[in-house]
Amino acid sequence: MQAEEKFTEMTWPASPEKATLEAKNKFLGFWFFLGGETVLFGSLFATYLALKDKVPDSSHPLAKDLFEMPLTFLATMFLLVSSLTSVYAMYHMKNYSFQRMQAWLLITVFLGACFLGLEVYEFRNYVHEGHTFTSSAFGSAFYALVGFHGGHVAFGLLWILSLMLRNAGRGLNLYNAPKFYVASLYWHFIDVVWVFIFTVVYLMGMVG
Amino acid sequence: MSTIAQKKGFGATVWDYLTTVDHKKIAILYLMAGGIFFLAGGLEALFIRIQLAVPNNDFVSAGLYNQILTMHGTTMIFLAAMPLIFAFMNAAVPLQIGARDVAFPFVNALGFWLFFFGGIFLNCSWFLGGAPDAGWTSYASLTLNAKSHGVDFYILGLQISGIGTLIGGINFLVTIVNMRAPGMTYMRMPLFTWSSFVTSALILFAFPALTVGLFLLMFDRMFGGNFFDVSAGGNTIIWEHLFWIFGHPEVYILILPAFGLFSEIFATFSRKRLFGYSSMVFATVLIGFLGFMVWAHHMFTVGMGPIANAIFAVATMAIAVPTGIKIFNWLFTMWGGSIKFTTPMHYAVAFIPSFVAGGVTGIMNAVAAADYQYHDSYFVVAHFHYVIVGGVVLALLAGTHYYWPKMFGTMLSEVLGKITFWLFLIGFHLTFFIQHFLGLMGMPRRVFTYLPNQGWDTGNMVSSIGAFFMGIAVIIMLINVVVTQVKGVKVGNDPWGDGRSLEWSIPSPPPFYNFKQLPLVRGLDPFWIEKMEGKKGMTPAEPLGDIHMPNASFLPVTISFGLFVAAFGILFHVDDKPWALPVMIIGLGITLVSMLIRSVKDDHGFHIHKEDLENEDKGVKA
Amino acid sequence: MRKRLHKWRLISIFAILALALSGCGKPFLSTLTPAGEVAQKQYDLTILSTSIMVLVIIVVTVIFIYVVTRFRRTKKNENKIPKQVEGNHTLEIIWTVIPILLLLVLAVPTVSYTFNLADVGPMKQKDKQGKTKDALVINVRANLYWWEFEYPDEKIITSQDLVVPTDKKVYFNVKSSDVKHSFWIPAVGGKTDTNPEGENQFWLEFDSKSAAKVKNQFYGKCAELCGPSHAYMDFKVRTMSQDDFSAWTKEMQNVKKPVAQGDLAKEGEAIFNKSCIGCHANTPNDSRPEKARTAPNLATFGDRERIAGILQHNEENLKRWLRDPEKVKPGNLMTGKYQKLSESQLDALTAYLMGLKVEQ
């Protein structure tokens, strides 16, 4: 099958993300990349756990003084739902319905942006309470871990948006289908990382 | 097709290499860049040995010595050994599995250019206020205490070249999984391909730990972070863990491909199938796996407590078992064979006792309680040079001679090759054997000089003399390269006469599409099987057809160059230089725009048409 | 082949010759002349592991030499195609199991000694006043390029020269006040890192017989790269019997403010009080907190073995050091901390410093 070939709903393959050799390579390579990302976040988690509540003096706020459930819960919901909407988008990609895929991707991007907005708002609150990147080792570790994740979310948003814009005029083919698929894989990965952040940083932080 | 061999002008050739995505040309780029850095690292080593030849020497100052020492280690590991290994992986792996290219040719080129610009950036430090001086391990407390920009060059340079290595690793993983020729099952892959596969996996899982460590250090030094600042609650031991979680697998990243190269050489020049192939594969995978479980044996004296020390000691000893399996398998590959002592085989044969010596001192280091004496002494210096020089460097020299005909189509002189070998081997043992004893006599490593009357004078002098033997050996090898290329005597498909794997079934150097028709693989050592049945080449697995090839691209260079520029901005932003921020933005801009072009512009590659391939055949016959 | 063997032999002869020339190293510095329980244990482990490893090397070498001599390709058998052997399960099992057994032999003492060397129980047993019950504890603090030794229970502080009793366990708390260093007395026992965060504990024992052979003095080293003068971060260990040690502690505790003898030294005292005392204490009972003790304690300077840890202890070298510390020890923290001293000031200061003695 050629990458440039035009398809109809009938001729569109069942797994367009793996239909060509290039696509298979991209698919597998991205999984490997996520393996590396796992080690990256693992290292950041380990650093955070080692430096949690390590502050220069007692006036500095600790985890249990900072985190608030409602805000992070809302953010978590945004991101979890955006993962679900990206699944819908991929469902439509596999069914060769381009417009629907674009619509669900747009919702995904919107939810992701909401999450990011909340995160920025949250960080602003912490800074007001004296918990900054430079205030303590705890602060550095916290912003490194959560900030790296936030950076990943922002990158994911730009990535999905640019894919949507680039292909808006020409619809799906075997050249861009794996690109959409891999972007959604990335999005799921970010979501999974967030589940761990929510547990390890926020839930465990609030317990003390 | 214009790409088919034609005489080109110099400019065109340069442009060709700047834009190439062909794994064979990238291999040559890696070989040249890695070779140049190897010479730089070797020169630094000679300076070290000159300084230490006699007590109280003042050939270099204390501060400069620490820079040389740091750059020697960093250059040799990241900028010489790794790229040279990538050179052979690029040159041989796609050919060995019967592929026309790697899975991601563009990424392959990008990986090279990132490494290259990272290495150049690191070496720019020499001219911009001094090189890094905290050792190749750059332990955090010393790094944070460093006054010059040296360690900032280390942080950013390694970060850039590290990304290159990481994507190179992913590329080879995918290539080996997805691009194998028909019939090339996993258990028929040559051992060099297997070790490249495991090494790539190690790169994938080890380098992110270094990436994180370097990021934390960068934040601390340049953006007010407190990860390692004890007064703000930080902890410098985190760096040690992150560094060695990367650093120990790194040792196996280097040595496994060396094992792979030697496995090929032993089998080829013994004219015999590799003994215990499946146990060799098993041992390779096991070493790779265990390599992640033992990082803390570099930290026995840090104060982790006896429980952690004991666990890591025993885990480390376990690695000796698969390594031992390999040694005996090599010996029994030669057993009953018909051994031809070519230059590569000289290296391979010398590798066994040299590496065993390095391996057993590794076990001695694993004995935690006794390691309190060896740690950070010259004993350790001797140990890791025995494994890295006696293992990796011998393999790289062997590989250079072994694969030179396949990469360049000419044969290096065997006479000069053997002279190089003997000088290098003698120099190597002379330099490093005595260092075991210097360490046991109480000489700490990384000292810029030493006082007389401590019993170390003779040993150090011997060691320094040995270093010069190695230096001369390398010079002779360079002469060999020049002489060979000037003579330019072309060789055929299988210049060693005993080739066993697929790369020897195609011309030297291979055409840019490698295999006109993908070969059908019928077992381990596929080319040997065909030869034994009296055939000249491989049986094709497909009819002659169009071949799909990737387009050349200049973007890998611009993406990497952008990061190179941005790194200067980041580095000097600490000094509040007004131009730092614009430089950083311009650099990142170059990178991001290049990346955007890459993602927006469709790249479908091109096809070599069946007719052109047929014409080419006729052209040769006519 | 003969040529190869010949060269191999040459190399080993050269190496052995070099070894013979230097022996086992200097007894005050070498791990090969263990002078205490810890070093002895580590030496035993070294010998055990070396023996096992030599056994392995011999087996490999025998097979190796046999193979490379016996199976060479010659003119006669040039076209011979050897049998393509796949492997041999029995052999492969043998060379998997035997190394495992050998490693077990090594692993058992490794684990046991590792725990033994980490046993610092006695230093944790404190009496009501917070003093250690039955053990001598020394706090070692590593600094950019000098060492401080504090005897917390005796309330005395020295620098550069570590004084210890022989034939009993001495317990150490080690840490660093700046970058990471590592505390190592090769002849007496392995090293322990001094980290900027938190203390490490370990113990050493100094054997009186071995100490007698080296005139009661061992060399100590910093083993972790810590900056330009890492190579010069030496210290000396003076050993004495328990009785002498008790006497020494008494003397140290009784030292009051030092009295300068003679006019020149008095002049030097004035300079010291003006330029040096901000960092350097001149009594062993320095009550300032650690952070304030930014330079070596000089109470026993006249008794020291070395100047700046490396130079022979004499007036000429002291002046050299005071004139331009940077030249002697690059990167040290004393450079630039005081005004340039004239030659007469140097004479005075030298006279004063050399007079700072505790022992009679």
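Below, read A as the first sequence line, B as the second, and so on, with proteins coming before strands; counting in each chain starts at 1.
Although no hydrogens or angles enter the test, the distance criterion places a donor-acceptor pair under 3.5 Å between the side chain of Gln84(C) and the main chain of Arg273(B).
With a threshold of 4.5 angstrom between heavy atoms, Ala267(B) does not approach chain C through any atom at all. Using a 4.5 Å cut-off between heavy atoms, Leu524(B) does not touch chain C at all. Proximity to chain B is absent for every atom of Tyr43(C), based on heavy atoms less than 4.5 angstrom apart. With a 4.5 Å cut-off on non-hydrogen atoms, Asn200(C) touches chain B through its side chain but not through its backbone. The contact between Ser270(B) and chain C is made entirely by backbone atoms, counting heavy-atom distances below 4.5 Å. For a residue to count as touching a neighbouring chain, one of its non-hydrogen atoms must lie under 4.5 Å from one of that chain's; by this rule Leu142(B) touches chain C with backbone and side chain alike. Of the two parts of Met299(B), neither the backbone nor the side chain holds a non-hydrogen atom closer than 4.5 Å to a non-hydrogen atom of chain C. For a residue to count as touching a neighbouring chain, one of its non-hydrogen atoms must lie under 4.5 Å from one of that chain's; by this rule Glu240(B) touches chain C with the side chain only. Proximity to chain C is absent for every atom of Asp58(B), based on heavy atoms less than 4.5 angstrom apart. Only the side chain of Leu69(B) comes within less than 4.5 Å of a heavy atom in chain C; its backbone stays farther off. Proximity to chain B (any heavy atom under 4.5 Å) is restricted, for Asp234(C), to the side chain, taken from C-beta onward. Using a 4.5 Å cut-off between heavy atoms, Val367(B) touches chain C through backbone and side chain atoms alike. Heavy atoms closer than 4.5 Å to chain B are found in the side chain of Glu92(C), but not in its backbone. In this structure, chain C has no heavy atom under 4.5 Å from any part of Trp330(B). Of the two parts of Val59(C), only the side chain, counted from C-beta on, holds a non-hydrogen atom closer than 4.5 Å to a non-hydrogen atom of chain B. Heavy-atom distances place the side chain of Ile352(B), and not its backbone, under 4.5 Å from chain C. Both the backbone and the side chain of Phe275(B) have a heavy atom closer than 4.5 Å to some heavy atom of chain C. For chain B, the nearby parts of Thr192(C) are the backbone and the side chain; heavy atoms of each come within less than 4.5 Å. Interface residue Ile327(B): only side-chain heavy atoms are found under 4.5 Å from chain C. Neither the backbone nor the side chain of Lys41(C) comes within less than 4.5 Å of any heavy atom in chain B. Contacts between Val302(B) and chain C at a heavy-atom distance below 4.5 Å involve backbone atoms as well as side-chain atoms. In this structure, the portion of Leu117(C) lying under 4.5 Å from any heavy atom of chain B is its side chain and not its backbone. With a threshold of 4.5 angstrom between heavy atoms, Tyr232(C) approaches chain B through side-chain atoms but not through N, CA, C or O.
Here Pro196(C) is the residue among Cys226(C), Pro330(C), Cys222(C), Pro196(C) with the most heavy-atom pairs under 4.5 Å with chain B. Looking only at heavy-atom pairs under 4.5 Å with chain B, the residue among Pro109(C), Ala39(C), Ala223(C) that has the most is Ala223(C). When each of Val174(C), Leu106(C), Val56(C), Asp119(C) is checked for heavy-atom pairs under 4.5 Å with chain B, Leu106(C) comes out on top. Of the listed residues (Ile57(C), Val111(C), Val60(C)), the greatest number of heavy-atom pairs within a distance under 4.5 Å of chain B belongs to Val60(C).
Using a 4.5 Å heavy-atom threshold, the side chains of Thr333(B) and Val85(C) count as separate. When side chains are defined from C-beta on, Arg73(C) counts as touching Arg271(B), because their heavy atoms get closer than 4.5 Å. Side-chain atoms of Met441(B) and Leu29(C), non-hydrogen and from C-beta on, never get closer than 4.5 Å to each other. Counting heavy atoms from C-beta on, the side chains of Arg72(C) and Phe341(B) come closer than 4.5 Å. Residues Thr236(B) and Asn195(C) form no side-chain contact, since every pair of their non-hydrogen atoms from C-beta on lies 4.5 Å or further apart. Looking at Trp184(C) and Tyr372(B), their side chains never come closer than 4.5 Å, going by heavy atoms from C-beta outward. At a threshold of 4.5 Å between non-hydrogen side-chain atoms, the residues Asn309(B) and Phe115(C) do not count as touching. When side chains are defined from C-beta on, Ser338(B) does not count as touching Phe71(C), because their heavy atoms never get closer than 4.5 Å.
Closest approach of Thr114(C) to Ala368(B), counting heavy atoms only: OG1-CB, 3.7 Å. Taking all atoms of both residues into account, the shortest heavy-atom contact from Ser49(C) to Met364(B) is OG-CG, 3.6 Å. Closest approach of Asp178(C) and Ser141(B) over heavy atoms only: O-CB, 4.4 Å. Here the shortest heavy-atom pairing between Gly442(B) and Lys221(C) reads O-CG, 4.3 Å. Val230(B) and Glu197(C) get closest at one heavy-atom pair: CG2-OE1, 3.8 Å. The nearest pair of heavy atoms linking Ala320(B) to Leu103(C) is CB-CD1, 4.0 Å.
No donor-acceptor contact under 3.5 angstrom links the side chains of Thr31(C) and Tyr374(B), judged on distance only.
Applying the side chain to side chain donor-acceptor pair (under 3.5 Å) criterion to Lys175(C), with sequence neighbours excluded, gives Glu290(C).
Within the model, atoms CZ of Arg70(C) and CE of Met334(B) stand 14.0 Å from one another, a figure rounded to the nearest 0.5 Å. Atom CG of Leu144(C) sits about 6.0 Å away from atom CG of Asn145(B), to the nearest 0.5 Å.
Using a 30° and 60° split on the angle between ring planes, Phe332(B) and Trp95(C) fall in the tilted class, from 30° to 60°.
Contact check on Asp371(B) versus Lys191(C) returns no salt bridge, with no Lys/Arg side-chain nitrogen under 4.0 Å from an Asp/Glu carboxylate oxygen.
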